[in-house]
Structures are given as C-alpha cells and as structure tokens.
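The first residue of the sequence shown is numbered 1, and numbering continues consecutively from there.
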Amino acid sequence: QVQLVESGGGLVQAGGSLRLSCAASGRTFSNYIMSWFRQAPGKEREFVSAVSWSAGTTWYADSAKGRFAISRDNAKNTVYLQMNGLKPEDTAVYYCAAARANLAHTSEIWYDYWGQGTQVTVSS
C-alpha cells in the first residue's frame with residue numbers, strides 16, 4: 001500500500017521558515033516525480049515544486065523560485081521542501097504527490113498518489 005505522509009507544517013510569522021517532509025512508502029519511486037502542491041482557502045490546488053527521484057532534477061513555480069528548495073533523501077525515502085522568506089500568501093494546505101514520469105507536471109491529473117496534506121499558516 002503506497003503512502004505519502006507529510007509533516008512539518010505549522011504557524012510561522014512572515015519572513016520565517018519551515019521545512020516540510022514527505023515520507024514515501026509502499027513501492028519503489030525511482031521512476032517517479034515527487035511534487036509539492038498547495039491549496040489555499042477558496043482557491044484551486046496549485047503546483048509548487050517537484051524533484052525527480054532518480055536524477056534529482058528540480059522544478060519550481062514562479063512563486064517558489066528563490067525562496068523554496070526541494071530535495072530528496074533516497075536512503076530515507078523522504079522528500080523535503082525548505083521554505084524561506086514565507087509570506088502570508090503562502091498560507092495553504094501543502095500536499096505531497098507522486099507521478100510516474102520523467103518530467104514535472106504542474107497539473108494534478110498526472111499524479112497517482114497523494115498525501116493527506118499539512119497546514120502552513122503565515123501570519124503578517
């Protein structure tokens with residue numbers, strides 16, 4: 001049974017940092033893209049960042065470039081999202097997702113597996 005379990009969310013002041021983790025289990029993800037999406041209240045879920053499990057290639061949405069960094073630890077089967085310089089508009093539920101692909105897909109329809117999400121709240 002495939003599981004993606006996010007952790008690390010919380011409440012932080014603007015300008016602060018958080019590191020999200022996504023622990024993956026239940027299968028081999030070597031041919032997968034691991035991505036972070038987020039969904040703010042009243043808005044659609046949007047792509048944030050992705051990393052290829054095998055090569056470590058990374059992709060970022062414009063909103064994340066320069067502030068967020070995605071990485072993966074193959075030994076721990078865990079993907080991380082380091083978020084710095086957080087803004088109130090980053091407030092959302094952050095989801096980890098996995099797609100069997102070689103390139104990052106920004107549309108959620110490509111993704112086979114999803115975590116339950118972790119809440120990030122940034123106060124002004």
Side-chain angles (χ1 to χ4, degrees):
Q1 179 182 359
V2 174
Q3 279 194 312
L4 303 178
V5 180
E6 302 98 332
S7 61
L11 173 63
V12 64
Q13 288 188 334
S17 298
L18 284 173
R19 189 177 80 156
L20 306 183
S21 300
C22 171
S25 63
R27 68 163 300 127
T28 301
F29 289 94
S30 56
N31 295 320
Y32 278 71
I33 296 292
M34 304 298 293
S35 296
W36 288 96
F37 285 75
R38 67 186 183 186
Q39 187 168 22
K43 295 187 176 181
E44 293 186 351
R45 191 151 51 183
E46 64 176 4
F47 171 82
V48 176
S49 182
V51 61
S52 64
W53 198 274
S54 55
T57 308
T58 59
W59 296 265
Y60 296 93
D62 287 343
S63 60
K65 287 178 182 176
R67 299 189 300 130
F68 295 0
I70 192 170
S71 61
R72 87 269 190 251
D73 185 327
N74 289 352
K76 295 183 178 180
N77 249 23
T78 300
V79 176
Y80 303 98
L81 185 67
Q82 177 68 43
M83 304 187 296
N84 301 322
L86 284 163
K87 306 174 182 179
E89 51 264 44
D90 294 317
T91 294
V93 177
Y94 283 70
Y95 297 91
C96 178
R100 186 177 175 88
N102 296 318
L103 298 174
H105 293 283
T106 59
S107 172
E108 58 185 280
I109 64 172
W110 290 93
Y111 290 83
D112 304 303
Y113 305 108
W114 292 85
Q116 82 289 349
T118 185
Q119 176 71 46
V120 171
T121 303
V122 184
S123 62
S124 58

How long is the straight-line distance from [atom2] of [Y] back to [atom1] of [X], given to the nearest 0.5 Å?
X	Y	atom1	atom2	answer
Asn31	Asn102	CG	CG	7.0 Å
Ser124	Glu89	OG	CD	10.0 Å
Ser107	Arg45	OG	CZ	10.5 Å
Gln13	Leu86	CD	CG	11.5 Å
Tyr113	Ser25	OH	OG	11.0 Å

Quiz item: Can you list the steps and then say if Trp36 with Phe68 is a side-chain contact (heavy atoms from CB on, under 4.5 Å)?
Solution: CA-CA 11 Å; Trp36 288 96; Phe68 295 0; over 6 Å; no
Quiz item: With a cut-off of 6.0 Å (strictly less than), are more than 12 heavy atoms of other residues, nucleotides or ligands near CH2 of Trp114?
Solution: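 More than 12 heavy atoms, drawn from other residues, nucleotides or ligands, come within 6.0 Å of this atom.
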Quiz item: When you look at CG of Asn74, are more than 12 heavy atoms from neighbouring residues, nucleotides or ligands closer to it than 6.0 Å?
Solution: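 Count over threshold, so yes.
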Please report the shortest heavy-atom distance between [X] and [Y], naming the atom on each side.
X	Y	result
Gly117	Glu6	N-OE1, 2.9 Å
Ile33	Leu103	CG1-O, 3.5 Å
Lys65	Tyr60	CE-O, 3.5 Å
Trp53	Arg72	O-NE, 3.0 Å
Ala98	Phe29	CB-CE2, 3.9 Å
Arg27	Asn77	O-ND2, 4.4 Å

Quiz item: For Tyr95 and Glu108, what are the C-alpha separation, side-chain angles and deciding distance, and is it a side-chain contact (heavy atoms from CB on, under 4.5 Å)?
Solution: CA-CA 11 Å; Tyr95 297 91; Glu108 58 185 280; over 6 Å; no
When you group the ILVMFWY residues by side-chain heavy-atom contacts below 4.5 Å and let the links chain together, are [Y] and [X] in the same group?
X	Y	result
Met83	Val79	yes
Val48	Tyr80	no
Ile70	Tyr32	yes

Heavy-atom donor-acceptor pair, [X] side chain to [Y] backbone, under 3.5 Å:
X	Y	result
Ser52	Thr57	yes
Asp73	Thr78	no
Ser49	Trp59	yes

Practice problem: May I ask you to decide whether Lys87 forms a salt bridge with Asp90, counting only side-chain N to carboxylate O separations under 4.0 Å? | Solution: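 Not counted as a salt bridge, because no side-chain N and carboxylate O are separated by less than 4.0 Å.
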Quiz item: Which residue, Leu20, Leu11, Leu81, forms the side chain to side chain contact (heavy atoms under 4.5 Å, CB included) with Val120?
Solution: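 Of the listed residues Leu20, Leu11, Leu81, the side chain to side chain contact (heavy atoms under 4.5 Å, CB included) partner of Val120 is Leu20.
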Quiz prompt | Single hit among Arg38, Gln119, Gln39 for side-chain hydrogen bond (donor to acceptor under 3.5 Å, both in side chains) with Tyr94 | solution =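 Per the side-chain hydrogen bond (donor to acceptor under 3.5 Å, both in side chains) rule, the option paired with Tyr94 is Arg38, out of Arg38, Gln119, Gln39.
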